[in-house]
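Below, all heavy atoms of this structure are taken into account, side chains as well, without hydrogens, waters or symmetry copies. Numbering of ligands and ligand atoms starts at 1, following listing order.
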Amino acid sequence: MTHQSIILGTGPAGLTAAVYLARANMNPLVIEGPEPGGQLTLTTEVENFPGFPDGIMGPELMDNMKKQAERFGAEFKRGWVTDVKVDQRPFKLSVDGLGELETQTLIISTGASAKLLEIPGEKENIGKGVSTCATCDGFFFRNKKVVIIGGGDSAMEEANFLTKFANEVQIVHRRTELRASKIMQDRAKVNEKITWALNKTPVEMISDGMKITGVKVKDSDSGVEEVIETDGIFVAIGHNPNTEFLNGQLDMDEKGYLIVEPGTTNTNIPGVFACGDVQDQNYRQAITAAGTGCMAAMDAERFLEGEAAIDWSQSLS
Ligand SMILES: Cc1cc2nc3c(=O)[nH]c(=O)nc-3n(C[C@H](O)[C@H](O)[C@H](O)COP(=O)(O)OP(=O)(O)OC[C@H]3O[C@@H](n4cnc5c(N)ncnc54)[C@H](O)[C@@H]3O)c2cc1C
């Protein structure tokens with residue numbers, strides 16, 4: 001059986017695409033991937049998704065989106081894509097747990113995973129004081145002290161942003177030199193709320209069982225350990241777009257983010273569309289992911305309609 005459309009990923013982008021395609025009677029098949037519900041299942045309260053004046057828990061929001069897509073006939077399957085062949089249509093997918101699948105159009109919404117330090121106390125405290133998204137969680141740290149880990153442009157940008165809320169933002173970086181551009185460093189250096197703990201490697205995140213209380217760091221030269229007290233820890237060491245399974249078959253930038261034609265979700269292969277964080281290293285928000293998910297569904301629908309119109313005109317001539 002060849003599907004009209006397969007959607008990869010069930011974050012806000014994939015689920016919004018599923019709602020739109022299901023309502024357009026395109027019977028999308030949605031592959032859930034390794035993280036059903038996507039990144040928002042890692043967090044607690046989401047306060048900036050429009051339509052929820054009192055906020056909503058991340059997993060509940062994603063569950064609602066899935067139910068909404070199912071209501072219109074979207075089909076969901078567990079499994080993740082290990083290989084694709086997009087050199088000819090129908091496109092072929094190898095899906096772990098499901099075998100080979102074929103589809104006329106493909107929507108890639110596999111997201112981008114925040115890199116973590118992989119140290120004790122980190123993963124288990126995400127949403128309890130450890131965050132990978134200042135835009136998302138900065139608001140929860142009004143008049144508090146936070147630590148930001150990283151030395152690149154995004155760490156500097158997030159540190160500046162966090163000073164709108166926190167009393168003190170301490171940048172912890174394992175080297176003395178920062179990777180960030182000079183202009184971003186200069187901006188951070190003149191900000192009076194930003195303090196520095198350079199040449200310190202984080203080794204453990206410390207919690208009192210309810211919330212984060214500190215981060216243990218080791219001096220990169222002497223090896224001497226100390227605990228920096230803090231109310232929150234932002235890990236800003238970059239993201240990995242989930243595109244390895246494509247084996248370079250689609251145009252990507254040097255970091256592996258998919259490149260789309262501006263103002264659309266078209267990749268360089270007609271019939272393959274990309275939406276959400278997998279093609280966006282700038283905004284990385286649930287609402288922008290959902291917005292581009294809507295665009296991908298409409299692009300896929302119009303693509304197939306365009307082909308059907310060509311078939312018709314040929315059969316009439
Ligand atoms: C802790 C945390 C808190 C956040 N808080 C907020 C917030 O408050 N507000 C906000 O707007 N944003 C927030 N964000 C950001 C937001 O979650 C992301 O911008 C959004 O989830 C991106 O949506 P997406 O659909 O592009 O991808 P994701 O949510 O990343 O979903 C990717 C999907 O792709 C699937 N997948 C991956 N690889 C494969 C594969 N090979 N085959 C099949 N499927 C695959 C995964 O299983 C997953 O379902 C937060 C992020 C984090 C990490």
Would you say Ser113 and Asn242 are linked by a side-chain donor-acceptor pair, where the criterion is simply a distance under 3.5 Å?
yes

Can you pull the side-chain hydrogen bond (donor to acceptor under 3.5 Å, both in side chains) pairs that have at least one residue in residues 120-134, sequence neighbours excluded?
Ser131-Asp137

Using a distance-only test with no angle check, is there a side-chain donor-acceptor pair under 3.5 angstrom linking Thr265 and Asp299?
yes

Strictly by modelled atom types, are Thr82 and Ser94 linked by a side-chain donor-acceptor pair under 3.5 Å?
no

Examine Phe140 together with Phe165 and report whether their ring centres are nearer than 6.0 Å.
no

Side chains of Thr41 and Glu35: is there a donor and an acceptor less than 3.5 Å apart?
no

Please output the residues near ligand 1 using a strict heavy-atom distance under 4.0 Å, listed in chain and residue-number order.
Gly9, Thr10, Gly11, Pro12, Ala13, Glu32, Gly33, Pro34, Glu35, Gly38, Gln39, Leu40, Thr43, Val46, Asn48, Trp80, Val81, Ser109, Thr110, Gly111, Ile126, Thr132, Cys136, Phe245, Gly276, Asp277, Arg284, Gln285, Ala286, Ala289

